[in-house]
> 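Pasting a structure here, questions to come.
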There are 2 protein chains.
Amino acid sequence: METKYGLEDISQATISRMATYLRCLTYLEQQGTSILSSRELASLTGASAEQVRQDLSVFGRFGKRGTGYDVVGLKTEVEAIFGRGVEQWKCCIVGVGSLGTALIESRMVQKWGFKYVAAFDTDPHKIGTRVERIPVYSLDELKTVVRRERVAIGVIAVPASSARTAARILCEAGIRGILNFAPQSIKVSEKIPVLSVDLSQEFLKLSFYIQRAEQRARDEQAQIDTASHSE
Amino acid sequence: METKYGLEDISQATISRMATYLRCLTYLEQQGTSILSSRELASLTGASAEQVRQDLSVFGRFGKRGTGYDVVGLKTEVEAIFGRGVEQWKCCIVGVGSLGTALIESRMVQKWGFKYVAAFDTDPHKIGTRVERIPVYSLDELKTVVRRERVAIGVIAVPASSARTAARILCEAGIRGILNFAPQSIKVSEKIPVLSVDLSQEFLKLSFYIQRAEQRARDEQAQIDTASHSE
DNA sequence: CCATGTGAAAACTTTCACAGCG
DNA sequence: CGCTGTGAAAGTTTTCACATGG
């Protein structure tokens, strides 16, 4: 039951893959699968089998040689790595626009031990209402509420122009980490982790990959044409 | 004006940073900044100055030695790299739940040359309505509409259990790329790029970083305590 | 003199190959 | 015998150092 690991020197890529493994393990558990090999987990997640083993070995030895991994056991270990069981992560949302509302409504997050306890906005029409039972407060109340409720994670879902102000207030309130959905890079104290997700950037990246894929297809076609021509 | 580049062998990390540079350049253009150095762009984006120069050098030589980069000129070049100007990217959304609606309502995407032209759902109450002027069709009509409108990008915003079906239908309709917001890995033909964004995974990652940051802080504090004790 | 652009070194990540164990 | 766990090799990315040119 020892899950001893120095939390340092673990690459972002490893953490991303660990999160993906966890999602797959949950799915497999629901399916009733009890044992799986690194190869199977690899093919489900798009990684290589060696990479799966390497990633897991950073945190401990969870498998049985000759057999593989116990799905439930490994899932429990990976959940522990992500802090599940240690605590219920209380979250708040700053910005109750369509994205903020969507984030609250998508209950995805509850499944992993996260829980929204408050939302904040500057719009007087929204203040005092509730979104899925979560009360919407004025931004002025943020510090008080975050401190009182001991909110751990602040989710920024405001326009880019207000993002930095939101981050500053959250930090002053003693937030422990920030998830930023505004298309604006955020700088706070080194001690507060900030993770930014820029949805429009994903569209840009995809359009690049599309162009590249289509360019490759054209190149291949050209090669086939040349080959058949020289026959 | 030459923007010649082999679109191959460019790392995902470089593309992500390029998208971030583009966001900053747009911001700087609005601010009225006309010239900037690699160092300034680096500090705005969190990369290093060398990395900025290395990234840009993959695509061409856009700067003036001793001076820096012309904001508008560089922005135009980077936009071209992402396919801006080449075409208006037509998008469709599969799944008009809160996330799908939020994606349509957040106009962020229009700014970069993307445009929603259709949405699809299986809910009879939604079919025939409009979300921000975008018509909602039945999923059965997807192939016809995507082909007719020559939709380039399909955005999946359905629950995990329906994601693969959605992807399959999109591919059959001749979509050129997929942006997947469902917490489910998607496998399609090698030729169709798929980019997945799993929001709940971001929460998990953040909780890991919070634990690590707090562990570090405790370790540092312990060292200070030890040091002062041995005095 | 300044900041870019770029080979080369350092650091890091992934893959390989196989020892070790159920 | 099969699959994990792991050092070492191969490959990739980042940083360094400096030549180059406005």
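Just so it is clear, the structure is predicted and the values come from calculations on it, not from any experiment. Chain letters run A, B, ... following the sequence lines, proteins first and then strands; every chain starts at 1.
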> Can you name the ring-ring contact (aromatic ring centres under 6.0 Å, His included) partners of A/Y21, sequence neighbours left out?
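Per chain and number, A/Y21 pairs via ring-ring contact (aromatic ring centres under 6.0 Å, His included) with no residue.
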
> Show me the pairs that pass ring-ring contact (aromatic ring centres under 6.0 Å, His included) and involve residues 186-206 of chain A, at least two apart or across chains.
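Every pair satisfying ring-ring contact (aromatic ring centres under 6.0 Å, His included) with a residue in residues 186-206 of chain A: A/F203-B/F114.
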
> Please check: side-chain N/O of A/E40 versus main-chain N/O of A/S37, any donor-acceptor pairing under 3.5 Å?
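Yes.
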
> Starting from C1' on D/dC3, measure out to CZ on A/R61 and report it in whole angstrom.
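Distance check: A/R61 CZ to D/dC3 C1' gives 15 Å.
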
> Distance check: side-chain N/O of A/Y69 vs OP1/OP2 of C/dG22, anything under 4.0 Å?
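Negative; the distance criterion is not met.
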
> In whole angstroms, how far is the P atom of D/dT4 from the CD atom of A/Q51?
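For the pair A/Q51 CD and D/dT4 P, the rounded distance is 15 Å.
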
> Whole-Å distance between D/dT12 P and B/I10 CD1?
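In whole Å, D/dT12 P lies 14 Å from B/I10 CD1.
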
> Given atom CZ of B/F62 and atom C1' of C/dT6, what is their separation to the nearest angstrom?
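Taking CZ of B/F62 and C1' of C/dT6, I get 15 Å after rounding.
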
> Where along residues 11-45 of chain B does a heavy atom come under 4.0 Å from DNA chain D, residue by residue in number order?
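Of all residues in residues 11-45 of chain B, the ones placing a heavy atom under 4.0 Å from DNA chain D are B/S11, B/R17.
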
> Grab the two heavy atoms, one from A/V71 and one from A/E29, that are nearest each other, plus how far apart they are.
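It is CG1-N, 3.9 Å.
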
> Looking at B/E202 and B/K205, is there a salt bridge between them, counting it only when a charged N and a carboxylate O are closer than 4.0 Å?
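Salt bridge flag = yes for B/E202 with B/K205.
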
> Check whether any side-chain N or O of A/S48 sits under 4.0 Å from OP1 or OP2 of C/dT15, and answer yes or no.
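It does, given that an N or O in the side chain of A/S48 lies less than 4.0 Å from OP1 or OP2 of C/dT15.
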
> Could you pull out the protein-nucleic contacts involving nucleotides 16-22 of chain D (nitrogen or oxygen on both sides, under 3.5 Å)?
| residue | atom | partner | partner atom | Å |
| --- | --- | --- | --- | --- |
| D/dT20 | O2 | B/R65 | NH1 | 2.2 |
| D/dG21 | N2 | B/G66 | N | 3.4 |

> With sequence neighbours excluded, tell me which residues meet salt bridge (charged side-chain N to carboxylate O under 4.0 Å, His left out) with B/E214.
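Once residues adjacent in sequence are excluded, the partners of B/E214 under the salt bridge (charged side-chain N to carboxylate O under 4.0 Å, His left out) criterion are A/R176.
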
> Tell me, please, which residues at least two apart from B/R164 pass salt bridge (charged side-chain N to carboxylate O under 4.0 Å, His left out).
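Result, salt bridge (charged side-chain N to carboxylate O under 4.0 Å, His left out) vs B/R164: none returned.
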
> Using 4.0 Å as the upper bound for N to carboxylate O, is an ion pair formed by B/R216 and B/E220?
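Not counted as a salt bridge, because no side-chain N and carboxylate O are separated by less than 4.0 Å.
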
